[in-house]
Structures are given as structure tokens and as C-alpha cells.
Amino acid sequence: MKSFVPQVLRFESLPSTNLEAARRANQDAAEGLCVVAGEQTAGRGRLQRYWISPKNAGLYCSIILRPEFPQSLWPLITLMAAVAVHEALKKACALETDIKWPNDILATNRKVCGILAETIETPTGRAIVLGIGINLAKSSFPEDLKAEATSVEDVTGHKPQSEIVLTALIESLAMYYEMLKNPAGSEAILREWCARSSYADGKQIRVVESNESFIGTTCGLEPDGALRVETLAGEIRVVRAGDVTSVRPG
Ligand code: BT5
């Protein structure tokens, strides 16, 4: 199997690094191409949501992956990316984070990083654009985000250089992506994810799915990375898409 060769392309400003990386993937860009922007004017979250990306306040990047392993394992790429971000923030910023299923990175229970993996069709085959946004600098989040968002600087008192975080991130992504490609790679990534997430087991959460919501307690991951939740009625439900929030016991 080919290995991941990082190549970084920098822009001062883009609507969205995911869009630019998808455009380049459509023009045959190779696996490992990483598009970075100093700001995004239309940063995207999942499900048509937005990602606030003020100028020089965060690391906004998107990496093209062209996995050769079965597509049934592709959902594990987002979990792999969360583990890689966790490690990069530890190494580059001495910041310990938690992972909220499936791939929000939390510091002091607030979101410091979001990950958006999009599958796209390109002339040279199906690819993934892996978008990662990390809040580095203290910034004035809009009122409705203040309670749920934070930055590395807010938590550590120090604004890291975006280049240092990017280097650590690319190194750790390359390493965990290689791990995922191994024959026992999916089990290994699930283990690494569970070791870094308070949401893996025994966490009381609310799950909001497209047309219902319920409360339960987490009890591990399925082999494809879906979250197992025991409902108040004692039934095990498997959550593949949905938003999870922590609820206090009682
Ligand atoms: C995500 O979506 O968390 C994925 C975010 C991915 C952003 C990166 S930046 C580089 C690349 N290029 C892009 O265009 N996107 C990727 P989701 O789980 O849907 O969360 C979105 C929600 O997070 C929003 O609805 C807000 O509530 C909140 N949010 C928006 N901006 C935020 C920020 N900077 N920090 C923390 N929370 C934010």
C-alpha cells in the first residue's frame, strides 16, 4: 500500500478548506495534500452547519485521503482523526483533551476542535476530504457559542503557533492512518479512541437523532465506530448518526 506523503498548500483566506481540497482532489491531487487557510469565510460543519474561522485565530486545514481499504471501515477515519488531534494538542500545546463521540475534541468540556470528513467522487476514485478546525487563539465567540466553544489559549493561557500545531497534526495523522491500514488496524484505532474519550463507557448522554432523542448510558463502540448506548429501559441502541451531549446523572 502507498504511504501518506504530506504536501501543504497555504492560503491567506478561503471560503472553506474542505471545498478547496475537494476541488483539487477532483483535479487528481494525491493523497496527503493538505490545504491550510489563515481564515475561512464560509467554514463548514456537519449537516450544513457552520464553523467560525476568524483570521489567524485557528488552524483550518483539510487533507485529502484516498484509502485503499474497504469502504465499510471508512467511518473509522473520523475516529482516527480525533485520536490524531488529541495527540497533536498534547504534544504541541501540552493540552489534555477529551473526545466526544464521534469526533469533537473538548477541553474543559467545551469544543476546541471540530472534524468534518466528507466522501467525494473524483476521476481517480472515491476520496475523503478530512477537514480539521482547531481554535488556537482567544477570540470573541458569538453569544450562542460562548458556553460550548473554547480555544487552546483560553485553556492554557498561551497561543500556540499554528505551524507547530500543523506539523504535530500531520505527523500524528500519518502515524494513526498507517495504524488503521494494518490488518488489525480498526481494533487498534477503536482502542486508542476509547482510551482518550470519557464518552466511551459509562457516560450519561442525550442522543439527538434526525427525528427523535433519548437518554442513556454509553457502553462502548461497535466495530465500525458506532456508539452503543443503553437506554433507561435497558435496551442497547446503536447510534451511527446523531448528536451526543453529556447529561448530569440524576
Ligand atoms: C464540526 O461540525 O465540528 C466540523 C467542523 C470542521 C471545521 C473544519 S475547519 C477546516 C475544514 N474546512 C471547513 O469548511 N470545515 C473544516 P459540527 O459537529 O456540525 O459542529 C458545528 C457546530 O459547532 C456549529 O453549529 C456551532 O454550534 C459550533 N461551532 C461553530 N464554530 C465553532 C468554533 N470555531 N469552535 C467551537 N464550536 C464551533
Side-chain angles (χ1 to χ4, degrees), residues 8-25 33-65 75 77-79 81-82 84-86 88-89 95 97-120 127-155 159 162 165-166 169-170 173 197 199 205-210 227 239-246:
V8 178
L9 268 185
R10 292 183 175 77
F11 294 82
E12 227 171 81
S13 175
L14 282 175
S16 154
T17 55
N18 264 38
L19 280 182
E20 182 62 24
R23 201 174 69 76
R24 293 193 178 246
L33 182 80
C34 174
V35 173
V36 184
E39 72 171 344
Q40 296 184 116
T41 51
R44 290 161 32 169
R46 296 176 302 147
L47 310 167
Q48 317 299 321
R49 292 191 287 228
Y50 61 92
W51 187 256
I52 303 250
S53 316
K55 197 176 178 109
N56 300 327
L59 173 61
Y60 317 114
C61 65
S62 300
I63 294 157
I64 298 173
L65 300 178
I77 289 174
T78 57
L79 300 190
V85 170
H86 174 104
L89 288 176
L95 177 63
T97 53
D98 190 9
I99 309 176
K100 178 161 81 77
W101 187 90
N103 53 10
D104 283 349
I105 309 295
L106 308 182
T108 58
N109 288 321
R110 292 170 196 203
K111 190 156 160 175
V112 69
C113 164
I115 299 172
L116 171 66
E118 297 181 290
T119 304
I120 55 167
I128 286 192
V129 173
L130 180 62
I132 298 174
I134 306 178
N135 302 325
L136 299 179
K138 257 189 193 160
S139 64
S140 40
F141 293 110
E143 208 50 51
D144 57 326
L145 272 192
K146 277 192 178 142
E148 58 173 283
T150 192
S151 69
V152 173
E153 186 180 19
D154 276 297
V155 181
K159 181 191 167 193
S162 134
V165 181
L166 178 65
L169 178 61
I170 289 178
L173 270 175
S197 172
Y199 285 74
I205 56 163
R206 175 182 295 281
V207 179
V208 179
E209 294 179 316
S210 50
L227 183 65
V239 181
R240 291 210 153 71
D243 282 307
V244 159
T245 45
S246 161

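Residue indices begin at 1 and follow the sequence shown. Whatever order the structure lists them in is the order used to number ligands and atoms, beginning at 1. Quick caveat, the model's predicted, so the values are computed rather than measured.
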[atom]: the protein heavy-atom neighbour that sits closest, reported with distance to 0.1 Å:
atom	result
atom 2 (O) of ligand 1	R46 N, 3.1 Å
atom 8 (C) of ligand 1	G133 N, 3.6 Å
atom 31 (N) of ligand 1	I52 N, 2.9 Å
atom 25 (O) of ligand 1	R49 CD, 3.5 Å
atom 28 (C) of ligand 1	L145 CD2, 3.6 Å
atom 35 (N) of ligand 1	N135 ND2, 2.8 Å
atom 15 (N) of ligand 1	R44 O, 2.8 Å
atom 21 (C) of ligand 1	Y50 O, 3.7 Å

Here's a test for you: under side-chain hydrogen bond (donor to acceptor under 3.5 Å, both in side chains), which of R46, R206, K100 qualifies with D243?
R46
Say whether, by atom type as modelled, one donor and one acceptor occur between the side chain of [X] and the main chain of [Y] under 3.5 angstrom.
X	Y	result
K111	D104	no
Q40	T17	yes
Y60	P54	yes

Out of W51, F141, Y60, indicate the one that has the non-hydrogen atom closest to atom 5 (C) of ligand 1.
W51
Evaluating non-hydrogen atoms only, which member of R110, E118, Q48, Q40 is closest to atom 12 (N) of ligand 1?
Q40
How many angstroms lie between atom [atom1] of [X] and atom [atom2] of [Y], to the nearest 0.5 angstrom?
X	Y	atom1	atom2	result
I134	L169	CD1	CG	5.5 Å
I105	T97	CD1	OG1	5.5 Å
H86	L106	NE2	CG	11.5 Å

Check the side chains of S13 and E39 for a donor-acceptor pair under 3.5 angstrom, ignoring hydrogens and angles.
yes
Tell me, please, which residues at least two apart from D154 pass salt bridge (Lys or Arg N to Asp or Glu O under 4.0 Å).
none
Can I115 be said to touch ligand 1, with heavy atoms closer than 4.0 Å?
yes
Record the part of S53 in heavy-atom contact with ligand 1 below 4.0 Å; permitted values are side chain, backbone, both and neither.
neither
Quick check on contacts: which atoms of ligand 1 are under 4.0 angstrom from a heavy atom of [X]?
X	answer
S62	11 (C), 12 (N)
A149	35 (N), 36 (C), 37 (N)
T17	10 (C), 11 (C), 12 (N)
G43	14 (O)

Test log, rule side-chain contact (heavy atoms from CB on, under 4.5 Å), inputs C34 and L9
CA-CA 6 Å; C34 174; L9 268 185; over 6 Å; no
Tell me, please, which residues at least two apart from N18 pass side chain to side chain donor-acceptor pair (under 3.5 Å).
S62, E118
Nitrogen or oxygen atoms of L116 and ligand 1 under 3.5 Å apart
no
Side chain or backbone, does K111 bring an N or O within less than 3.5 Å of an N or O on ligand 1?
yes
